Enquirer: 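The structure follows.
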Amino acid sequence: MRSDYAELIGRRLALPPTEGPDKVTTLEEAVRRLIAPRQTIYLGAAHGRPNALVREVIRQWWGRRPGWTLAMTGFGSPWTAFVVGGLVERLVTTFIGEGYPYPTPQPLVGRAVLGGQVAVQNWSMLTMPLRLIGGALGVPFMPTRSLLGSSMEEDNARDGDFLAAPDPFFSEGADVTAPSEIPSQRGPHDPLRTSPSEGCAGGAGARRVGFVRSLKPDVALFHAWAADRAGNVLAAAPLNENFYAAMAARGGAIVSVEKVVSTEFIRRHAPLVRLPGQYVAAVVEAPFGAHPAGMYGMNVAELEGYAEDLDFILTLRRAFRKRETAEAWIKEWMLEVPDQGAYVARLGYQRLMEVKGRAHTDAWVWELEMLAPAIPADGGFTAAEMMVVAAARLLGEKVRARGYRAFLAGVGNSNLAAWLSAYELKAAGVDVELMAETGMVGYLPRPAEPFVFSFRNFPSSKMLTDIFHVMGIFMGGSENRCLGSLAAGQIDKHGNINSTIVPGTLYITGSGGANDIASSAREVVVTLAQSRERFVDKAPYITAPGTRVTTVVSDRGVYEKPDESSELILTGVLAGPPEAEAVRAAREACGWELKVAPALRRFDPPTPDELRLIRLFDPRRYFLG
């Protein structure tokens with residue numbers, strides 16, 4: 001190389017270790033500068049939750065009435081402090097409640113919603129990122145098959161944020177999502193054979209598609225693994241709703257990170273960079289910024305993972321049951337803690353080491369050893385255990401009969417049933433994969449923790465991605481071979497699911513991914529404990545239409561529909577009481593005039609392996625009771 005060119009290369013073309021404008025600031029300064037009254041603020045969950053940022057927002061604005069709209073995929077404690085402090089007027093979300101380690105309604109938020117202090121706009125787990133993708137793309141709307149036939153369609157249409165219209169490209173006989181190699185063993189109205197618009201809209205002949213209005217928040221808050229000083233953000237999958245809100249936000253994003261790194265570090269790990277600096281307004285270094293949630297490790301030596309703080313979360317959940325204890329918790333852990341450094345110091349060395357240890361890939365082995373004395377010995381079984389086993393067997397039968405290739409499960413016992421069924425099928429050489437809506441594909445659930453999005457299951461996944469890929473493409477796309485396994489707050493005689501609200505009585509939790517699964521999976525099995533309050537004649541709010549719900553499994557029996565428009569009838573009874581007694585109990589716990597099939601199937605008791613597996617998955621018996 002000629003010396004003049006060599007000199008020019010060294011002087012002009014060398015890669016600088018740090019590049020771009022310096023956006024690094026403090027939590028206090030970022031919030032003071034970028035958060036204002038009447039904003040729509042997006043709270044991200046793209047792998048890590050921005051809890052350090054949330055604490056700073058609440059510290060600065062406590063005692064004021066900024067009138068914010070908060071948007072997010074899921075809302076629960078400690079974010080409930082926004083409602084306790086009167087800081088929010090409206091929630092735009094898919095889920096309101098306590099999530100980890102098991103879901104329950106959030107009483108303080110529920111009362112505020114029922115009392116009219118906080119308005120809620122309900123969406124599904126897929127339609128929220130679709131709205132943000134539209135905002136990031138700069139288009140006015142995005143199409144969807146979700147929400148059609150649900151109460152969310154009506155509510156959001158009334159707000160002007162959802163529209164159902166005839167499919168402009170529909171041609172009679174076209175079915176773009178029903179692979180011909182999947183055999184149908186049902187009648188002409190089988191959910192397997194309807195077109196997407198037919199199945200979602202709630203009846204044959206309806207050729208509709210939904211359009212969600214794009215969402216452009218004023219500012220977005222995220223927590224991630226690392227960023228350079230210019231705001232190029234590195235994050236690990238699964239990515240939940242991804243960083244589309246940052247790309248759509250008018251004022252950009254405030255991103256807190258575990259570590260500020262050099263641009264050279266960012267270049268070295270460019271495949272893990274999820275958000276370029278042009279969308280970032282401020283970067284804040286905040287170690288343990290997701291606590292009490294966790295951060296899954298990325299096999300990057302400089303970045304060390306930590307798991308959810310189970311004891312801390314259970315304590316705060318108890319505190320947020322009542323206003324007075326919630327205010328005391330907010331004072332102790334938010335208002336009296338001046339910054340993230342003080343928060344980490346208050347957590348203490350022992351707690352920090354424990355959450356780091358729980359993030360280890362094989363931590364479940366030692367945790368299970370600790371919990372082993374509480375796991376029941378072989379012998380009898382409970383009604384809940386029998387229900388899970390029966391649901392798992394039915395899921396397996398449907399996979400074998402109809403060629404399904406994937407499960408997408410909801411929470412609780414429906415998830416335990418899918419886990420058990422997947423393991424039983426794999427043991428028999430049947431190829432089926434488990435997926436979870438946050439971005440997990442092909443995972444093998446580990447024992448000790450039944451939370452559907454458990455960190456323990458990330459290392460066993462064959463792919464880690466985001467909601468859009470799992471719910472929009474792998475579960476609901478053109479090669480859809482997915483069987484849904486769902487829980488419910490209520491179910492009615494036509495299989496319509498309510499997991500959102502009993503008007504005037506209870507705000508349950510919202511859709512999460514239930515509507516998307518019921519709208520697009522090939523078929524849906526629902527598992528829930530039975531009572532007259534849960535098995536109702538007509539759902540007061542339809543979170544997910546029952547078109548594709550073919551089977552319901554309860555602790556009183558098995559219910560099926562001959563076709564999509566029929567009522568659920570009792571077709572099977574579980575091991576235990578005599579048939580006549582089981583039928584009487586099922587009728588007494590049913591809110592409609594229950595019909596009974598002329599010949600009932602009787603499910604055998606669980607095998608030792610079936611019982612041991614579900615007990616290993618749920619050793620604390622969050623769901624098994």
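Note that the coordinates shown come from a computational prediction; the quantities given were computed from them, not determined experimentally. Reckoned from all heavy atoms, side chains included, excluding hydrogens, waters and symmetry mates.
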Enquirer: I need the Tyr244 OH to Ile467 CD1 distance, nearest 0.5 Å.
Expert: 10.0 Å
Enquirer: Are the side chain of Arg548 and the backbone N or O of Ala521 linked by a donor-acceptor pair below 3.5 Å?
Expert: yes
Enquirer: Among side-chain atoms of Thr543 and Ser499, is any donor-acceptor pair under 3.5 angstrom?
Expert: no
Enquirer: Can you classify the ring geometry of Tyr100 versus Phe451 as parallel (below 30°), tilted (30 to 60°) or perpendicular (above 60°)?
Expert: perpendicular
Enquirer: Hey, which of Val470, Thr73, Thr438, Asn515 is the one that makes side chain to side chain contact (heavy atoms under 4.5 Å, CB included) with Met125?
Expert: Thr73
Enquirer: Check whether the side chains of Asp516 and Ser146 place a donor and an acceptor atom closer than 3.5 Å, and report yes or no.
Expert: yes
Enquirer: Can you list, pair by pair, the side-chain donor-acceptor contacts under 3.5 Å of residues 616-625, counting residues two or more places apart and other chains?
Expert:
residue	atom	partner	partner atom	Å
Asp618	OD1	Arg621	N	3.1
Asp618	OD1	Tyr622	N	2.9
Asp618	OD2	Tyr622	N	3.3
Asp618	OD2	Phe623	N	2.8
Asp618	OD2	Leu624	N	3.0
Arg620	NH1	Glu367	OE2	2.9
Arg620	NH2	Glu367	OE2	2.6
Arg621	NE	Gly625	O	2.6
Arg621	NH1	Glu385	OE2	3.1
Arg621	NH2	Glu385	OE2	3.0

Enquirer: Has Arg601 got its NZ or CZ under 6.0 Å from the middle of the six-membered ring of Phe603, at an angle within 45 degrees of the ring axis?
Expert: yes
Enquirer: Answer yes or no: is there an ion pair linking Arg393 with Glu610, defined by an N-O contact shorter than 4.0 Å?
Expert: yes
Enquirer: Would you compute the distance between atom CG of Leu239 and atom CG of Leu464 and round it to the nearest 0.5 angstrom?
Expert: 8.5 Å
Enquirer: Between Glu523 and Lys398, does any NZ, NE, NH1 or NH2 come within less than 4.0 Å of an OD or OE carboxylate oxygen?
Expert: yes
Enquirer: Return the CZ to OG1 distance between Phe75 and Thr93, rounded to the nearest 0.5 Å.
Expert: 8.5 Å
Enquirer: When you compare the side chain of Lys356 with that of Phe288, does any pair of heavy atoms fall below 4.5 Å?
Expert: yes
Enquirer: Mind checking whether Leu420 and Val389 have side chains closer than 4.5 Å, heavy atoms only?
Expert: yes
Enquirer: So, Phe162 versus Phe211, ring centres under 6.0 angstrom or not?
Expert: no
Enquirer: For a quick check under 3.5 Å, do Tyr296 and Trp225 share a side-chain donor-acceptor pair by atom type?
Expert: no
Enquirer: What residue pairs, at least two apart or across chains, pass salt bridge (charged side-chain N to carboxylate O under 4.0 Å, His left out) with a residue in residues 434-453?
Expert: Arg358-Glu449
Enquirer: Any heavy-atom pair between the side chains of Ile491 and Leu528 that's under 4.5 Å?
Expert: yes
Enquirer: Could you check whether any side-chain N or O of Asn232 sits under 3.5 Å from a backbone N or O of Gly277, counting only pairs where one atom can act as donor and the other as acceptor?
Expert: yes
Enquirer: Taking atom types as modelled, find out whether Glu354 and Tyr306 have a side-chain donor-acceptor pair closer than 3.5 angstrom.
Expert: no
Enquirer: Can we say Glu433 and Arg481 salt-bridge, meaning some charged N sits less than 4.0 Å from an Asp/Glu carboxylate O?
Expert: no
Enquirer: Starting at CZ of Arg131, measure out to CD of Glu241 and round the result to the nearest 0.5 Å.
Expert: 13.5 Å
Enquirer: Below 4.5 Å, heavy atoms only, C-beta onward: do Val280 and Val233 meet side chain to side chain?
Expert: yes
Enquirer: Would Arg522 and Arg402 count as a side chain to side chain contact (heavy atoms under 4.5 Å, CB included) here? Give the steps.
Expert: CA-CA 10 Å; Arg522 291 308 219 173; Arg402 298 177 190 166; over 6 Å; no
Enquirer: In Å, rounded to the nearest 0.5 Å, how long is the span from CZ of Phe95 to CE of Met128?
Expert: 14.0 Å
Enquirer: Between Ser77 and Glu98, is there a side-chain donor-acceptor contact under 3.5 Å, judged purely by atom types and distance?
Expert: yes
Enquirer: Check Met247 against Ala136 and note the closest heavy-atom contact, atom names and distance.
Expert: CB-CB, 3.7 Å
Enquirer: Checking side-chain polar atoms at under 3.5 Å, does Glu308 have a donor or acceptor matched by the opposite partner on His291?
Expert: no
Enquirer: Is atom CD of Glu304 surrounded by more than 12 heavy atoms (other residues, nucleotides or ligands) closer than 6.0 Å?
Expert: no
Enquirer: Taking the side chain as every heavy atom from C-beta outward, state whether Leu395 and Ser485 have any atom pair closer than 4.5 Å.
Expert: yes
